[in-house]
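Order of appearance sets the numbers: ligands from 1, and atoms from 1 within every ligand.
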Amino acid sequence: MKAVVLAAGQGTRMRPLSESVPKPMLPVADRPLAAHTVDAAIDAGADEIVLVIGYEGETVRNYFGPEYRGVPVTYAVQEEQAGTADAVDAASAALEGPFAVLNGDNLYDPAAIDRLFDACPAVCAIEVDEPRNYGVLSTADDSVTGIVEKPDEPPTNLANAGAYAFPAEAREWLAVPASERGEHEITDVVARVIDEYDVTPVTLERWLDVGRPWELLAANEWHLAELEGRIDGDVSDDAHLEGEVVVEAGATVEPGVVIDGPALIREGAEVGPNAYVRGATLIGRDAEIGHAVEIKNSVISRGTSVSHLSYIGDSVLGRDVNVGAGTNVANLRHDDADIEFTVKGDRVSTGRRKFGVVAGDGVKTGINTSLTPGLRLESGATTMPGETVERDR
Ligand code: TTP
């Protein structure tokens, strides 16, 4: 079966991280987010991957190339991000026979994608506590009987998890009219398939829709926890590594470093001397973590430098960030309330009691900067020495 992977979105809720790196290419453990989806499709037996690209699409194309893990990859360009049905429609020329559609920004448990392919026509579903926030499936006798977006009175607690196996005929049904929010939505195509076919619900054990920065952190927590420790880099005899720690070839861990895994130290990264890395932490390619720096449960992207005397907790730092000596991140409020973060102009709860900062690419902090929980620093933002930053900038 061919698998269409949607990767053309602008990722506006993921800003500032998605400003120069498209969301599907943001790092989740040892590969980009969308590579986890593509891998799940290939493991389930996809014989071709059709990637729908648009926003910063060349970065996606350069990563996957014409063939990935021995499977041909073709590309369909969606000129305007007019919705998920429109995105699949952009790929329709490449389709024949039954086909799967997966969101390139969702993490699925791979075994379920295997079952999805086998059960075609089928839709992946996940049990959720708050179905009102999702597309919700109705079922009867182990068949899907309906799909409704964000209902006030959900018929079940089965949320649509954005993974579908469609019969060949669905290719003719992709040109659906725009919805109330002005997008051509794949759920309208699913509704037609439900009307005309017996559609199986395939329940996922685990699923994550990675739309906002703290969900990128959660995605890394998920995949870093699955690491098996491996030392291919240069680790000092005077460093202490506990739990599952991967040090890639070309990475250096210097004396006095303590790493409490799961942690992944990527190629070219330098950690230490005397640094402490704990929680699920990703230290990206060519990043530098120096003396007396503690990094906890964070994503440190490629080329970023935290060189001396700093604490970074529950945070996501973009590429080529330079953290001045003595910069500290607060990741907990005195009142223990969940930390909020700004998404498209609104403050929304992250649902996390501990959350630090999100810094876009190229941010520079002055020495002894204090950063408060839930802060959003736009790409290229700077802080002055000794500043306490309480507002986004
Ligand atoms: P969304 O998460 O709805 O959109 P997005 O990724 O652009 O993010 P945001 O809302 O923050 O701007 O998209 C779901 C999936 O579908 C995702 O993998 C991107 C993809 N998509 C397209 O390929 N084309 C589109 O026109 C849209 C709307 C989404």
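- In this structure, Tyr63 and Tyr68 have tilted ring planes: the angle between them lies in the 30° to 60° band.
- Counting heavy atoms under 4.0 Å from ligand 1, residue Pro24 does not touch it at all.
- Within the 4.0 Å cut-off (strictly below), no protein heavy atom is located near atom 3 (O) of ligand 1.
- The cationic group of Arg192 lies under 6.0 Å from the six-membered ring centre of Trp173 and within 45° of the ring axis, placing it in a cation-pi geometry.
- Side chain to side chain, Thr369 and Glu387 fail the donor-acceptor criterion of an N or O pair below 3.5 Å.
- Checking Glu149 against Tyr134 by side-chain atom types alone, no donor-acceptor pair falls below 3.5 Å.
- Taking every non-hydrogen atom of Ala87 and a distance limit under 4.0 Å, the qualifying atoms of ligand 1 come out as 22 (C), 23 (O), 24 (N).
- Using modelled atom types, one side-chain atom of Tyr75 and one backbone atom of Gly65 make a donor-acceptor pair closer than 3.5 Å.
- Asp392 and Thr342 form a side-chain donor-acceptor contact under 3.5 Å, judged by distance and modelled atom types alone.
- Interface atoms of ligand 1 facing Gln81, defined by a heavy-atom separation under 4.0 Å, are 26 (O).
- The protein atom (non-hydrogen) at minimum distance from atom 26 (O) of ligand 1 is Gly83 N, 2.9 Å.
- Remark: minimum distance from atom 19 (C) of ligand 1 to any protein heavy atom is reached at Gly9 N, 3.7 Å.
- The shortest N or O to N or O distance between Glu80 and ligand 1 is not below 3.5 Å.
- For atom 25 (C) of ligand 1, the closest non-hydrogen atom of the protein is Gln78 OE1, 3.4 Å.
- At the shortest separation from atom 7 (O) of ligand 1 among protein heavy atoms lies Gln10 N, 2.9 Å.
- Heavy-atom proximity to atom 14 (C) of ligand 1, evaluated over Ile53, Asp105, Thr12, is greatest for Asp105.
- Aromatic ring orientation, Phe166 versus Phe99: tilted (interplanar angle from 30° to 60°).
- Less than 4.0 angstrom separates some heavy atom of Gly104 from each of these atoms of ligand 1: 18 (O).
- Of all atoms in ligand 1, numbered sequentially from 1 with element shown, those under 4.0 Å from a heavy atom of Glu183 are 28 (C).
- Between the side chain of Ser298 and the backbone N or O of Asp314 there is at least one donor-acceptor pair closer than 3.5 Å.
- Scanning the protein heavy atoms around atom 10 (O) of ligand 1, the nearest turns out to be Arg13 NE, 3.0 Å.
- Here the heavy atom of the protein found nearest to atom 16 (O) of ligand 1 is Thr84 CG2, 3.5 Å.
- Side chains of Asn328 and Ser370: a donor-acceptor N/O pair is absent below 3.5 angstrom, by distance only.
- Using a 4.0 Å cut-off between a side-chain N of Lys or Arg and a carboxylate O of Asp or Glu, Arg266 and Glu288 do not qualify as a salt bridge.
- Contact annotation: Asp86 has no heavy atom less than 4.0 Å from any atom of ligand 1.
- Ligand 1 has an N or O atom lying under 3.5 Å from an N or O atom of Ala8, backbone or side chain.
- Ranking the protein heavy atoms by distance from atom 20 (C) of ligand 1 puts Leu6 CB, 3.7 Å first.
- Between Gly11 and ligand 1, a contact under 3.5 Å exists for at least one N or O pair.
- With Asn103, Val52, Val210 as candidates, the residue nearest to atom 15 (C) of ligand 1 on a non-hydrogen basis is Asn103.
- In this structure the side chain of Ile300 reaches within 4.5 angstrom of the side chain of Ile289, judged on heavy atoms.
- The distance from ligand 1 to the heavy atoms of Lys23 drops below 4.0 Å at these ligand atoms: 2 (O), 5 (P), 6 (O), 8 (O).
- For Pro27 against Ser301, the heavy-atom pair with the smallest separation is CG-OG, 4.3 Å.
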